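Quick note: residue numbers are just sequence positions, from 1. Just so it is clear, the model here is predicted, and its values are computed rather than measured.
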Amino acid sequence: MQRKIRLWILPVAAAVLLLGGLGYWGQQQMTMRRQMETALNNKYHRSFYSLLENVQNTEVLLSKSLVAAAPAQDSRLFMELWQRANAAQADLSQLPLGDVQTGRTAKFLTQVGDYAHSMLLHVADGKAKSKEQWETLNRLYRQSSELNTELHGIEASIAGGRLYLSELSRQSGLGLQRQGPRLANDNFRTVEKHMQGFPTLIYDGPFSDHLENTPVQGVTGKVIDADQARSVAVKSVSRDPGTEYVVRRVSEGKGKIPFYRVEFSASPDRTGERVAVAVSRQGGHLMWLTDSRAPGKTTWSIPRAREAALRYLQQHGFQQMVPVYYMQMDGEAVFNFAGSQNGVVLYPDQVKVTVALDNGQVVGLEAAGYLVSHHRRELPRPVLSASAARAKLSPRLQRVSGGRLALIPVSGGGEKLTYEFRGDLGADTFLVYINALDGREDQVLRVVRNKEGILTL
């Protein structure tokens, strides 16, 4: 009897071991599959967002080409447009989409790149755009706007968790296929889009790229010690009513401008609120301030908060500042201010101030650009009048306003005195900078407005 039981147990045990082994193997296969799917999704994620960036910039560059009037400006625009269109086409080829789903889109990007290259050769000879060429660029711009809208609809689905990148081939393909006839018929509408992460926010300054290679000019005075830095930092903290700020630590920091970092904690402690202030070792200039406090319900208006920011700057050594643009989000407003001299706006000298909209407390400041660039300049006298500079604008710009003098940095170093004009083309708004000495078109920026504030591209 026992022998029969043993004979019965052995196959059952073997079966259990076999099932266990199969279960383990299956689990391992599932884990490997998930890992492979995650890696693949990450690849698709990078390609999709790179495509989004390049198509966005393609649309922006095409819009700029409609406003730019100088061949030298056109040359720079068409060079970058050619590169962006080719990069977008390469990104598209990395997505899990077949030729049927992407054929028209790939063809469109190829046409944009080819046409940009032909226009680059055209303007290289100093020739201006013809009416027919402008119409072609305008048509390509409207097409790219529609493609941008479609891609951002897909991006919104991904961000909202309604679409996973593993399903991109199925759902985005349907979207792009649905737009096929519209691409073929050139039947598009001009759309103003609110794009995020790719352009530089104008509150960081439309001309902030120059800082990396600029020598420090705004830091003056004697070298201070840690105690002096502490005193400057204490005075710079914008007080939240009913809160005491206690210095916890003073340390040294290195960088283009060496500084002291002074750290505060709020008492009574409110969910770990911390404040940090940087003061330059030379001169004791306020460099930056950050406050981790989360603002409450918004009660302050933008004009009122802007005035509070301006008063704060005046109290801490930043004089003759003019407000430029702002950004509002998460209960805070970030204001960009630029220096001025004899009525000329100095775009290289910029300070960014963040104000909490629940009580007007200054919870952030960034003055690196100002401290790097600020100095008294020997400004040249304009050769052109504002009206003569205005005559240099593209005749296609509508509702032109402005004409104030503005000093802007240029790539490769240096600064140029320009007239700043604002104008519209359809639903789009542009800032155009005309050289006050020779009448050349030095810069074109596109203004994008959304409910949070203003950006430039």
Would Leu286 and Tyr312 satisfy side chain to side chain contact (heavy atoms under 4.5 Å, CB included), going step by step from the backbone distance to the final call? CA-CA 12 Å; Leu286 182 60; Tyr312 182 90; 3.7 Å; yes

Heavy atoms, side chains only, cut-off 4.5 Å: are Phe264 and Arg249 in contact? no

Where the side chain of His285 meets the backbone of Thr220, is there a donor-acceptor pair that is under 3.5 Å apart? yes

Checking Thr290 side chain against Gly364 main chain: does a donor-acceptor pair fall under 3.5 Å? no

Nearest heavy-atom contact between Ala276 and Trp288 is O-CZ3, 3.7 Å

Carboxylate-amine/guanidinium contact Arg293 Asp358, below 4.0 Å: yes

Would you say Asn342 and Arg377 are linked by a side-chain donor-acceptor pair, where the criterion is simply a distance under 3.5 Å? no

Indicate the atoms forming the closest heavy-atom contact of Asp349 with Met321, along with that distance. O-CE, 4.2 Å

Can you tell me how far NZ of Lys392 sits from OG of Ser387, rounded to the nearest 0.5 angstrom? 11.5 Å

Donor-acceptor under 3.5 Å (Ser130 side chain, Gln133 main chain): yes

Within the side chain of Ser340, is there an N or O that forms a donor-acceptor pair under 3.5 Å with the backbone of Gly343? no

Determine whether Leu371 and Val216 make a side-chain contact, defined as any pair of heavy atoms from C-beta on separated by less than 4.5 Å. no

Ser144 vs Val112 side-chain heavy atoms within contact, under 4.5 Å: no

So Leu62 and Glu59, side chain to side chain contact (heavy atoms under 4.5 Å, CB included) or not? Walk me through it. CA-CA 5 Å; Leu62 282 165; Glu59 185 262 339; 5.7 Å; no

Answer yes or no: is there a side-chain heavy-atom contact under 4.5 Å between Val279 and Val277? yes

Considering all heavy atoms of both residues, which atom of Ala406 and which atom of Tyr433 are nearest to each other, and what is their separation? CB-CE2, 4.4 Å

Between atom CG of Asn336 and atom OH of Tyr325, what is the distance when rounded to the nearest 0.5 Å? 9.5 Å

Nearest non-hydrogen partners of Val355 and Ala309, listed with the distance: CG2-CB, 3.9 Å

Ser265 versus Arg248, side-chain donor and acceptor atoms under 3.5 Å: yes

Closest contact, heavy atoms only, Tyr419 versus Leu384: OH-O, 2.7 Å

Would you say the side chains of Glu420 and Tyr347 form a donor-acceptor pair under 3.5 Å? yes

Side-chain donor or acceptor of Ser75 paired with backbone N/O of Ala72 under 3.5 Å: no

Is there a donor-acceptor pair under 3.5 Å between the side chain of Ser231 and the backbone N or O of Gln228? no

Kindly determine whether Phe337 and Val324 satisfy side chain to side chain contact (heavy atoms under 4.5 Å, CB included), including the steps that lead there. CA-CA 5 Å; Phe337 293 85; Val324 187; 5.7 Å; no

Ile257 side chain near Val372 side chain, heavy-atom distance below 4.5 Å: yes

How long is the straight-line distance from CG of Leu289 back to NE2 of His316, given to the nearest 0.5 Å? 8.5 Å

Would you find a donor on one side and an acceptor on the other, under 3.5 Å apart, between the side chain of Gln73 and the backbone of Glu441? yes

Tyr260 (side chain) donor-acceptor with Ile224 (main chain) under 3.5 angstrom: yes

Please step through side chain to side chain contact (heavy atoms under 4.5 Å, CB included) for the pair Ser65 and Trp134, ending with a clear verdict. CA-CA 8 Å; Ser65 74; Trp134 189 91; over 6 Å; no

Give the ring-plane orientation class for Phe335 versus Tyr326, where under 30° counts as parallel, over 60° as perpendicular and anything between as tilted. tilted

Distance-only donor-acceptor check, side chains Asp424 and Thr429, under 3.5 Å: yes

Is a salt bridge present between Arg261 and Glu263, judged by a nitrogen-to-oxygen distance below 4.0 Å? yes

List in chain and number order the residues that pass ring pair (Phe, Tyr, Trp, His ring centres under 6.0 Å) with His374, two or more places apart in sequence or in another chain; answer none if no residue qualifies. Tyr370

Could you list the residues that satisfy side-chain contact (heavy atoms from CB on, under 4.5 Å) with Asn54, not counting sequence neighbours? Ser50, Arg84, Ala87, Ala88, Asp91

Can you spot which of Asp438, Asn435, Leu417, Leu437 makes a side chain to side chain contact (heavy atoms under 4.5 Å, CB included) with Val383? Leu437

Any side-chain heavy atom of Lys352 sitting closer than 4.5 Å to one from Leu365? no

CD (Glu415) and OG (Ser373) are apart, to the nearest 0.5 Å, by 6.5 Å

Using a cut-off of 6.0 Å, state whether more than 12 heavy atoms not belonging to Arg306 lie near its atom CZ. yes

Val345 to Ala338 - nearest heavy-atom pair and separation: CG1-CB, 3.9 Å

Mind checking the CZ-CG spacing from Phe421 to Leu397? Nearest 0.5 Å is all I need. 10.5 Å

Going from CZ on Arg396 to CG on Leu66, what distance comes out if it is rounded to the nearest 0.5 angstrom? 8.0 Å

Short question: side chain of Glu332, backbone of Leu357 - any donor-acceptor pair under 3.5 Å? no

Hey, are the side chains of Phe78 and Leu137 touching, using non-hydrogen atoms and a 4.5 Å cut-off? yes

Is there a side-chain contact between Thr418 and Gln443, using heavy atoms and a 4.5 Å cut-off? no

